[in-house]
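Input: a single structure, listed below in structure tokens.
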Amino acid sequence: MFESLSTKLQNITSKMRGKARVTEADIKEMMREIRMALLEADVNYSVVKEFVADMSEQCKGVDVQGSFTPGQQIVKIVRESLVELLGTGESKLSVSPSGFTVIILYGLQGAGKTTTAVKLAKLLKKDGKKPMVASVDVHRPAAAKQLEVLANGVGVDCYIHPECPDAVQIANEAVEKAKYLLCNYLIIDTAGRTVVDEELMEELRLINDAVNPTEKLLVVDAMIGQEAVNVAQSFEGAIGMDGFIMTKLDGDARGGAALSIRKLTNKPIKYICVGEKVDAIETFYPQRMADRILGMGDVISLIERASVNVDEEEARKQIGRMMNNEYDLNDLYTQFEQMKKMGSLKDLVGMIPGASGKVNEDDIDDRIIDHNMAIISSMTKRERKNPKLLDASRRKRIATGAGVSVADVNKLMQQYETSAKLMKQMSKGGGLKIPRGLGGMKGLGGLGGLGGGLGLGGLGGGSKGKKKPKKKKGRR
């Protein structure tokens with residue numbers, strides 16, 4: 001998410017952070033670099049121009065507050081300006097006073113409306129609501145079937161009428177069905193087009209008039225860059241909108257759409273989708289996103305994601321075992337399972353304060369969790385329970401069974417031993433000292449070692465960057 005932009009801005013701000021004195025030349029150079037970083041991220045030129053001009057003005061008259069150095073104060077201004085650009089505050093969904101809220105999703109074909117409708121429904125269901133989804137796409141019958149399959153998969157009510165050629169009629173029927181089932185939310189998935197045309201807009205206007213939606217949300221593909229702004233302005237001018245849902249932010253999107261669209265339309269981003277899975281949707285918080293872009297982490301989102309995906313009962317059992325110094329490879333396997341539920345490793349690392357920039361992004365590979373789980377699965381019950389049994393011949397057998405090299409098995413065992421030492425330290429009540437080598441992002445076995453499956457503290461000291469100590473010169 002914003003990977004390239006994030007790396008560049010972190011490099012820029014880290015240079016400023018340690019400065020005890022900031023000159024006008026320093027500010028000018030920083031603004032030039034920020035301007036280039038934003039333009040390369042495909043942010044709209046007029047947005048970049050205004051953003052940099054406002055920030056330059058604030059930096060010139062900077063007052064050093066409290067214990068802040070001038071460099072830290074400049075970084076603070078950059079962060080606040082980024083938050084302002086993304087939109088201050090959290091924009092919640094509007095709720096109808098009648099108790100029945102209709103949400104309608106617009107967007108071009110391929111933006112991800114159908115999957116987003118189900119993702120949003122699942123999110124509302126988790127929050128204790130009773131949603132229903134409906135498809136009024138009469139141009140692509142497969143879209144209605146796709147919606148039904150996805151909705152059934154998450155246990156959400158769905159209404160489709162593939163044989164009916166009238167989108168307005170289907171919309172009215174969906175409203176009646178949702179009310180009959182006592183649903184308090186109806187999410188309508190509309191038809192998309194490859195381009196914005198008058199026929200599409202007229203159909204959407206008729207649907208709007210029929211169902212009178214509480215929320216009109218435009219689903220925007222972050223991959224299309226600045227074109228997203230043109231799409232947004234077309235929809236806003238024709239039928240109006242209440243906000244956006246940004247999709248595909250887990251891909252190679254440069255981030256320009258998210259940074260431009262809020263400023264140019266004055267409409268909030270309400271949700272972001274960061275994966276294909278039906279639970280890969282998050283409420284959009286500008287402050288948290290700004291912190292992640294600048295490498296300041298997002299601990300609150302990390303905790304929220306863990307609370308949803310981590311089995312609380314299992315976590316309690318593991319903590320008990322850790323405190324009794326009974327940590328074994330079965331525990332590590334369970335922690336890998338919990339981590340897989342939480343999303344991509346790159347995304348998780350980006351939420352840890354200080355980790356971004358210290359970890360080589362090329363070394364983060366989600367497949368390593370699957371490889372490590374395969375290695376543990378190739379062991380016998382006795383070996384998992386008592387890892388000391390793993391001599392050279394056993395490790396060779398395990399490597400063959402898992403389809404990996406013996407070196408991969410050795411890496412996993414080294415990381416398990418590091419984690420086990422940490423657990424022993426914690427059980428004795430000693431201060432937690434995170435060893436430098438815990439991170440080794442290629443293996444990431446140590447990730448499971450800090451209770452609840454998120455031992456991310458040692459990410460900064462990956463094995464790749466660890467230098468061998470120089471031999472002392474002396475007489476033989």
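Counting only heavy atoms from C-beta outward, the side chains of K248 and C273 never approach each other to under 4.5 Å. Using a 4.5 Å heavy-atom threshold, the side chains of H371 and I368 count as touching. Counting heavy atoms from C-beta on, the side chains of L264 and S46 come closer than 4.5 Å. Using a 4.5 Å cut-off on side-chain heavy atoms (C-beta onward), Y106 and V219 make no contact.
Considering all non-hydrogen atoms of both residues, K113 and L108 come closest at NZ-O, 3.6 Å. Scanning all heavy atoms of the two residues, the minimum distance from I261 to A232 falls at CD1-CB, 3.8 Å. Considering all non-hydrogen atoms of both residues, L93 and I103 come closest at CD1-CD1, 3.9 Å. Taking every heavy atom of both residues into account, R262 and L85 meet most closely at CG-O, 3.5 Å. Between M132 and C158, the shortest heavy-atom contact is CG-N, 4.0 Å. Heavy atoms only, all atoms of each residue included: D221 and G110 are closest at OD2-O, 4.2 Å.
The stretch residues 179-191 participates, sequence neighbours left out, in these side-chain hydrogen bond (donor to acceptor under 3.5 Å, both in side chains) pairs: T114-D189. Each salt bridge (Lys or Arg N to Asp or Glu O under 4.0 Å) pair with one or both residues in residues 100-109, not counting sequence neighbours, would appear here, but there are none.
Between atom OH of residue Y45 and atom CG of residue L39 there is a gap of 7.5 Å, rounded to the nearest 0.5 Å. Once rounded to the nearest 0.5 Å, the distance linking CD1 of I104 with CD1 of I207 reads 5.5 Å.
Salt bridge D242/K216: absent, no basic N to carboxylate O contact under 4.0 Å. E50 has a carboxylate O that lies under 4.0 Å from a charged side-chain N of K263, or vice versa, which qualifies the two as a salt bridge.
Every residue meeting the side chain to side chain contact (heavy atoms under 4.5 Å, CB included) condition with L123, not counting sequence neighbours, appears here in chain and number order: Y271, I281. Applying the side chain to side chain donor-acceptor pair (under 3.5 Å) test to E202 and every residue at least two apart in sequence or in another chain returns R205. Taking the side chain to side chain donor-acceptor pair (under 3.5 Å) definition, one finds that D157 meets it with nothing, sequence neighbours left out. A search for side chain to side chain contact (heavy atoms under 4.5 Å, CB included) contacts involving E173 returns Y159, H161, Q169, not counting sequence neighbours.
Atom NZ of K130 is surrounded by more than 12 heavy atoms from other residues, nucleotides or ligands within 6.0 Å. The environment of NZ in K129 is crowded: more than 12 heavy-atom neighbours from other residues, nucleotides or ligands sit within 6.0 Å. Environment of CD in E198: crowded, with over 12 heavy atoms of neighbouring residues, nucleotides or ligands closer than 6.0 Å.
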Practice problem: Go through K125 and V156 one step at a time and tell me if the side chain to side chain contact (heavy atoms under 4.5 Å, CB included) criterion holds. | Solution: CA-CA 8 Å; K125 186 181 176 183; V156 169; 4.2 Å; yes
Self-check item: Stepwise side chain to side chain contact (heavy atoms under 4.5 Å, CB included) check, K270 with K92
Solution: CA-CA 7 Å; K270 301 209 172 188; K92 294 184 178 180; over 6 Å; no
Exercise. Carefully, step by step, assess E282 and V274 under the rule side chain to side chain contact (heavy atoms under 4.5 Å, CB included).
Key: CA-CA 8 Å; E282 301 175 7; V274 290; 3.8 Å; yes
Exercise. Apply side chain to side chain contact (heavy atoms under 4.5 Å, CB included) to Q58 and S81, showing your working.
Key: CA-CA 10 Å; Q58 289 182 64; S81 300; 3.7 Å; yes
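Exactly one of P213, S96, C183 qualifies for a side chain to side chain contact (heavy atoms under 4.5 Å, CB included) with T101. That residue is S96.
Inspection of the D137 and S135 side chains reveals no N or O donor paired with an N or O acceptor under 3.5 Å. Under the 3.5 Å distance criterion, with hydrogens and angles disregarded, no donor-acceptor pair is assigned to the side chains of E236 and T265. In this structure, a donor-acceptor pair under 3.5 Å is absent between the side chains of H139 and E199.
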